Amino acid sequence: MKPSRVRIAHLYPEALGTYGDGGNVDVLAARLRWRDVAAEVVTVHVGSPVPTTCDLIVIGGGEDEPQSVAAAELAASLPAALDAGAVVLAVCAGLQLLGHTYSTTSGQTVAGAGVLDLTTVAGRRRAIGEVLADPVDLELPRLTGFANHAGETRLGPAAHPLATVVSGPANHPGGKDEGAVQGKVVGTYLHGPVLARNPGLADHLLQLATGLDLEDLPDEEVEHLRQERLGHRPGPRLRWR
Ligand code: GLN
């Protein structure tokens with residue numbers, strides 16, 4: 001049975017909205033509505049705790065300083081939202097904030113929420129560029145996105161990589177892990193927004209949150225854009241001018 005309404009919390013967009021990751025919220029809401037499921041977006045501003053009444057929680061990327069502004073509130077209130085059953089997507093700074101600690105480029109160590117078994121330290125060089133990565137545990141097509149971060153993240157045993165990098169920057173230099181998955185928490189370094197580029201991942205999160213067996217959506221335009229990102233030449237029928 002379809003839920004009457006799915007609630008999506010968009011966390012701290014004024015601090016964690018640098019890379020357009022708020023688009024992930026739009027994608028989730030649109031893919032619900034296209035299937036005749038009502039979606040409600042709850043914007044949570046800095047200074048407010050994470051609500052325990054949302055089905056999905058979306059956290060975006062941002063720079064070290066605004067990221068640190070959101071850290072204490074998130075660490076204090078996110079665990080209760082997870083206990084209440086929420087599914088979480090956290091991108092870049094969001095991923096770093098969900099680990100045990102991260103260090104900033106100015107040398108501060110900041111406590112994270114500790115719901116992903118990972119630790120991040122500031123690297124000397126920024127990882128910037130397009131990424132292709134193959135999902136590890138999830139049956140999803142190759143992921144595409146772009147990375148832009150100084151932090152170097154290493155996973156502990158309780159977190160699994162979301163994907164294995166085929167090309168572009170990984171969680172840390174010299175590694176191949178992209179992102180992290182632990183229970184209902186999915187973290188990734190991929191911007192794009194990642195769910196616009198990878199609707200399969202959006203549907204995976206929606207399925208986790210709703211328990212629905214979601215019907216496929218016609219994604220011809222998205223597929224065309226994906227093929228461009230994956231390095232294929234666009235077919236003549238859909239070539240943009
Ligand atoms: N401030 C973090 C870093 O540079 C996160 C950047 C981001 O969210 N894109 O590592």
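A quick note: this is a predicted structure, and the numbers were derived from the prediction, not measured. Note that the numbering runs from 1 along the sequence shown for the chain. As the structure lists them, so they are numbered: ligands from 1, and atoms in each ligand from 1.
The closest protein non-hydrogen atom to atom 3 (C) of ligand 1 is Ala150 N, 3.4 Å. For atom 5 (C) of ligand 1, the nearest protein heavy atom (residue, atom name, distance) is Gly62 O, 3.3 Å.
Annotation: the span from Leu208 atom CG to Leu89 atom CG amounts to 11.5 Å, rounded to 0.5 Å. Between atom CG of residue Leu97 and atom CD of residue Glu73 there is a gap of 12.0 Å, rounded to the nearest 0.5 Å. Here His224 contributes atom NE2 and Gln227 contributes atom CD; the two are 9.5 Å apart, rounded to the nearest 0.5 Å.
Checking only distances, Gly151 does come within under 3.5 Å of ligand 1, N or O to N or O. Where the criterion is an N or O separation shorter than 3.5 Å, residue side chain and backbone included, Cys92 fails it with respect to ligand 1. For ligand 1, none of its N or O atoms has an N or O atom of His149 under 3.5 Å away. Polar contact check, Ala93 against ligand 1: a nitrogen or oxygen pair lies under 3.5 Å apart.
Ring centroids of His149 and Tyr189 are separated by less than 6.0 Å, placing the two rings close together.
Residue Gly61 has at least one heavy-atom neighbour below 4.0 Å for each of these atoms of ligand 1: 8 (O). The ligand atoms of ligand 1 that sit less than 4.0 angstrom from a heavy atom of Gln67 are 1 (N), 2 (C), 5 (C). Here is the list of ligand 1 atoms found below 4.0 Å of a heavy atom in His191: 9 (N). Within the listing of ligand 1, atoms 4 (O) sit less than 4.0 angstrom from a heavy atom of Arg126. For ligand 1, the atoms lying closer than 4.0 Å to a non-hydrogen atom of Glu63 are 1 (N).
Taking the six-membered ring where the residue is Trp, His191 and Tyr19 present parallel rings, their angle staying beneath 30° rather than reaching 60°.
Contacts between Asp64 and ligand 1, counted as non-hydrogen atom pairs separated by less than 4.0 Å, involve both the backbone and the side chain.
Counting non-hydrogen atoms of other residues, nucleotides and ligands closer than 6.0 Å to CD of Glu65 gives a total of 12 or fewer.
Considering every non-hydrogen atom in both Pro199 and Val222, the closest pair reads CG-CG1, 3.5 Å. Closest approach of Leu155 to Pro161, counting heavy atoms only: CD1-N, 3.5 Å.
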